[in-house]
S.K.: 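Sharing a structure with you now.
Keep in mind it's a predicted model, so treat the numbers as computed, not measured.
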Amino acid sequence: MRKLDLMIHDIAEPIVEGSDDAEITLVGWGSTYGPIHEARLLLEAEGHKVNHLHFHEIWPFPTERAEPVLNRARRIVDIENNYTGQLARLIRTETGINIEHKILKYNGRVFMGDEIAERVRNEVMARV
């Protein structure tokens with residue numbers, strides 16, 4: 001168990017891009033980086049305040065680095081290429097933060113930036 005305490009200092013920092021006072025925080029991991037980045041830029045071009053918290057390594061979970069960003073978030077959107085929202089579940093387990101909005105894709109195809117932006121508009125912003 002001691003090696004986990006040491007490993008937490010060696011994993012890649014989560015990346016945070018975009019507005020510090022974002023209305024919406026997009027969260028992803030691994031290969032979703034490019035499409036989420038593109039979606040953030042599309043939404044910002046429309047005047048929305050959006051940021052992006054992205055993990056390249058998720059275990060041991062970097063709670064101390066992720067929690068401040070997630071606690072500031074007004075609305076969090078989990079974007080994952082799987083059926084169960086594994087990252088959202090891990091975040092809830094490690095931080096207690098429940099991510100209400102999820103955009104999941106599990107048909108074997110990758111996300112596209114415009115697809116994510118449209119789903120954020122229709123499924124998240126429309127609920128305000």
S.K.: When rounded to the nearest 0.5 angstrom, what is the spacing between CE in Met125 and NE2 in His101?
M.R.: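 Reported value, rounded in 0.5 Å steps: 10.5 Å.
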
S.K.: Is Glu115 reaching over with its side chain to a backbone N or O of Met112, donor-acceptor style, under 3.5 angstrom?
M.R.: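 Checking the backbone N and O of Met112 against the side chain of Glu115, a donor-acceptor pair under 3.5 Å is found.
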
S.K.: What is the minimum heavy-atom distance between Leu70 and Ile91, and which atoms define it?
M.R.: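 In terms of heavy atoms, the two residues are closest at CD1-CG2, 3.8 Å.
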
S.K.: Nearest 0.5 angstrom please: Ile99 CD1 to Thr95 OG1, how far?
M.R.: 7.5 Å

S.K.: Counting heavy atoms not belonging to Asp20, are there more than 12 under 6.0 Å from its CG?
M.R.: no

S.K.: When rounded to the nearest 0.5 angstrom, what is the spacing between CG in Leu87 and NZ in Lys102?
M.R.: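 That separation rounds to 10.5 Å.
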
S.K.: Is there a donor-acceptor pair under 3.5 Å between the side chain of Glu38 and the backbone N or O of Ala117?
M.R.: no

S.K.: Find out whether Phe111 and Asn81 are in side-chain contact, i.e. whether some heavy atom of one side chain is under 4.5 Å from a heavy atom of the other.
M.R.: yes

S.K.: Would you say Glu64 has more than 12 foreign heavy atoms packed within less than 6.0 Å of its CD?
M.R.: no

S.K.: Is there a donor-acceptor pair closer than 3.5 Å between any side-chain N or O of His48 and the backbone N or O of Glu23?
M.R.: no

S.K.: Does Ile15 reach the side chain of His52, with side-chain heavy atoms less than 4.5 Å apart?
M.R.: no

S.K.: Is it the case that one hydrophobic cluster holds both Leu42 and Val50, taking links as side-chain heavy atoms less than 4.5 Å apart, direct or via other members?
M.R.: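 Shared cluster, no.
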
S.K.: Counting only heavy atoms not in Glu123 (residues, nucleotides, ligands), do more than 12 fall under 6.0 Å from its CD?
M.R.: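 Buried by this count: over 12 neighbours within 6.0 Å.
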
S.K.: Indicate yes or no: does Arg40 engage Glu17 in a salt bridge with an N to O separation below 4.0 Å.
M.R.: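 Glu17 and Arg40: salt-bridged.
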
S.K.: Indicate yes or no: at least one non-hydrogen side-chain atom of Ile103 is less than 4.5 angstrom from one of Asp78.
M.R.: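 Heavy-atom side-chain distance check fails, nothing below 4.5 Å.
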
S.K.: Which heavy-atom pair separates Ile11 from Pro60 by the least distance, and what is that distance?
M.R.: CD1-O, 3.2 Å

S.K.: Given the rule that I, L, V, M, F, W and Y join up when any side-chain heavy atoms are under 4.5 Å apart, are Val124 and Leu104 in one cluster?
M.R.: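 No, it is not one cluster - the side chains of Val124 and Leu104 are not joined through contacts under 4.5 Å.
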
S.K.: Tell me whether Asn51 contacts the main-chain N or O of Ser19 through its side chain, where contact means a donor paired with an acceptor under 3.5 Å.
M.R.: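 Confirmed, Asn51 side chain pairs with Ser19 backbone.
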
S.K.: Same cluster or not: are Leu41 and Leu26 linked, directly or through other Ile, Leu, Val, Met, Phe, Trp or Tyr residues, by side-chain heavy atoms under 4.5 angstrom apart?
M.R.: no

S.K.: Relative to each other, are the rings of His37 and Tyr33 parallel, tilted or perpendicular (30° and 60° limits)?
M.R.: parallel

S.K.: Decide, yes or no, whether a salt bridge links Glu13 with Arg65 under the criterion of side-chain N to carboxylate O below 4.0 Å.
M.R.: yes

S.K.: Could you state whether Val27 and Val69 fall into the same hydrophobic cluster, counting links through intermediate Ile, Leu, Val, Met, Phe, Trp or Tyr residues with side-chain heavy atoms under 4.5 angstrom apart?
M.R.: yes

S.K.: Between Leu53 and Pro14, what is the shortest heavy-atom contact and its length?
M.R.: CD1-CB, 3.8 Å

S.K.: Do you know which two heavy atoms are closest between Glu80 and Trp29, and how far apart they sit?
M.R.: OE1-NE1, 3.4 Å

S.K.: Give me the atom names and distance for the closest heavy-atom approach of Thr32 to His54.
M.R.: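 Looking at all heavy atoms of both residues, the shortest contact is OG1-CE1, 3.2 Å.
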
S.K.: Give the C-alpha distance, both sets of side-chain angles, the deciding distance and a yes or no for side-chain contact (heavy atoms from CB on, under 4.5 Å) between Leu90 and Trp59.
M.R.: CA-CA 10 Å; Leu90 179 61; Trp59 194 257; 3.9 Å; yes

S.K.: Look only at the side chain of Glu44 and the backbone of Lys49, and say whether a donor-acceptor pair between them is shorter than 3.5 Å.
M.R.: no

S.K.: Please give me the minimum heavy-atom distance between Lys105 and Val110, naming the atom from each residue.
M.R.: NZ-O, 2.9 Å

S.K.: Is there side-chain contact between Ile79 and Arg119, with at least one heavy-atom pair below 4.5 Å?
M.R.: no

S.K.: Quick one: do Glu100 and Arg75 make a salt bridge, cutoff under 4.0 Å?
M.R.: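 Salt bridge: no.
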
